[in-house]
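Here is the structure we will look at, set down as structure tokens.
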Amino acid sequence: MLTTQPGVTFIGTATTVLRIGGFTLLTDPNFLHRGQRAYLGKGLWSRRRTDPALRIAQLPSLDAVVLSHLHGDHFDRVARRELDRELPIVTTPAAERKLRRWGFRAAEGLPTWRSRELRRDAETLRLTSMPGKHGPGALDLLLPDVMGTMIDLERAGTREFRLYVTGDTLNRPMLAEIPERYPDIDAMLIHLGGTRVAGILLTMDARQGADLVELVRPRLTVPIHYDDYPVFRSPLGHFVAEARRRGFARSVRTIARGETVPLTPPA
């Protein structure tokens, strides 16, 4: 049995602090402040609407960073300047190459379905790369490679908790393999927002997000990445309404910036 509840602190965008067993992880570090611009690649910028709930100097001691991809709203110039260069960063192979050029020597790129393990005492935290697709069709080739992450906590060889972090993926047929390989998902951090650039959908909107919940069937869903930039076009309320319409609203837990909530499902 877990002696402490897994929990998440929401900093903003897709940036969270995860406490799972004896491990502390940071996801997708975006620490720009309101009014500052994030670079989205191909000459595109978006100006942040919100402030992060914490600064990097206020973070707890970290075991690793989980990075879905290299966009400026997921790994920004503040993170590049202030994060410890020796901190392990688990990410895509393409992101690893660029991070290492920037001096992050512990960056490790995982091909899909590959894992990296962290160990402490009798606990093992396994981080496994999940498939993801940031854009539709051939447009995806112009966008950074993206991954989700399955996070499994094991103690003395027994799995005690499983969290799926979707990353900035659209809901595509390739994701159907995830629940086949990884049933019994305790919680899911779902990247929403319905990001649109030039009218093209690049992250899940309310409908796609609800479809993924029904596919993966986590016991708890915590939505993030939904209102920090103008390119996010699908508000959190749309997803909550869709969850209510489909009958799974009770398993959705919303979280405000700066708030910490347990990742255990409601009783």
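The salt bridge (Lys or Arg N to Asp or Glu O under 4.0 Å) pairs that include a residue from residues 258-267 number zero, where partners must be two or more places apart or lie in different chains. Applying the ring pair (Phe, Tyr, Trp, His ring centres under 6.0 Å) definition to pairs two or more places apart or across chains, none involves residues 198-223. Pairs engaging residues 61-85 under the salt bridge (Lys or Arg N to Asp or Glu O under 4.0 Å) rule: D63-R120 [sequence neighbours left out]. Applying the salt bridge (Lys or Arg N to Asp or Glu O under 4.0 Å) test to every pair with at least one member in residues 218-233, sequence neighbours left out, gives these pairs: R48-D228, D184-R219, D186-R219, D227-R257, D228-R257.
By the side-chain contact (heavy atoms from CB on, under 4.5 Å) test, A241 pairs with R244, sequence neighbours left out. Evaluation of the side-chain hydrogen bond (donor to acceptor under 3.5 Å, both in side chains) rule for H191 yields D168 as partners, not counting sequence neighbours. Scanning for side-chain contact (heavy atoms from CB on, under 4.5 Å) contacts around R34 gives D51, with sequence neighbours left out. Legend: residues meeting side-chain hydrogen bond (donor to acceptor under 3.5 Å, both in side chains) with Y229, ordered by chain and number and at least two apart, are N30. In terms of the side-chain hydrogen bond (donor to acceptor under 3.5 Å, both in side chains) criterion, residue partners of T260 (sequence neighbours excluded) are, by chain and number, T9. Annotation: side-chain hydrogen bond (donor to acceptor under 3.5 Å, both in side chains) contacts of T27 (sequence neighbours excluded): T16. In this structure, the side-chain contact (heavy atoms from CB on, under 4.5 Å) partners of H238, at least two apart in sequence or on a different chain, are A206, S234, P235. Q208 is linked by a side-chain contact (heavy atoms from CB on, under 4.5 Å) to L170, N171, R172, L201, M204, D205, counting only residues two or more places apart in sequence or in another chain.
For the pair D28/H225, no side-chain contact is recorded, criterion being any heavy-atom separation below 4.5 Å from C-beta on. Taking the side chain as every heavy atom from C-beta outward, H134 and T203 approach each other to under 4.5 Å. Looking at P88 and E108, their side chains never come closer than 4.5 Å, going by heavy atoms from C-beta outward. Counting heavy atoms from C-beta outward, F23 and I151 have side chains that stay 4.5 Å or more apart. Considering only heavy atoms from C-beta on, L32 stays 4.5 Å or farther from P52 through its side chain. Side-chain atoms of V252 and F239, non-hydrogen and from C-beta on, do get closer than 4.5 Å to each other. Considering only heavy atoms from C-beta on, P179 comes within 4.5 Å of L215 through its side chain.
M147 contributes atom CE, which lies 11.0 Å from atom CG of D145 (distance to the nearest 0.5 angstrom). Atom-to-atom distance recorded for L153:CG and T158:OG1 is 10.5 Å, nearest 0.5 angstrom. To the nearest 0.5 Å, atom NZ of residue K133 and atom CE of residue M174 are 5.0 Å apart. Here the straight-line distance linking atom CG of L236 with atom CD1 of I224 works out to 11.5 Å at 0.5 Å rounding. Interatomic distance, CG of L83 versus CG of L59, reported as 7.5 Å (0.5 Å rounding).
Under a cut-off of 6.0 angstrom, the local environment of CZ in R159 is crowded, with over 12 non-hydrogen atoms contributed by other residues, nucleotides or ligands.
Annotation for L110 and S129: closest pair O-OG, 3.4 Å, computed over non-hydrogen atoms.
Here the options are T24, L189, L26, the test is side-chain contact (heavy atoms from CB on, under 4.5 Å), and the partner is L18; only L189 passes.
In the model, E117 has no side-chain atom that pairs as donor or acceptor with a side-chain atom of T124 under 3.5 Å.
Aromatic ring orientation, W113 versus Y182: parallel (interplanar angle below 30°, classes split at 30° and 60°).
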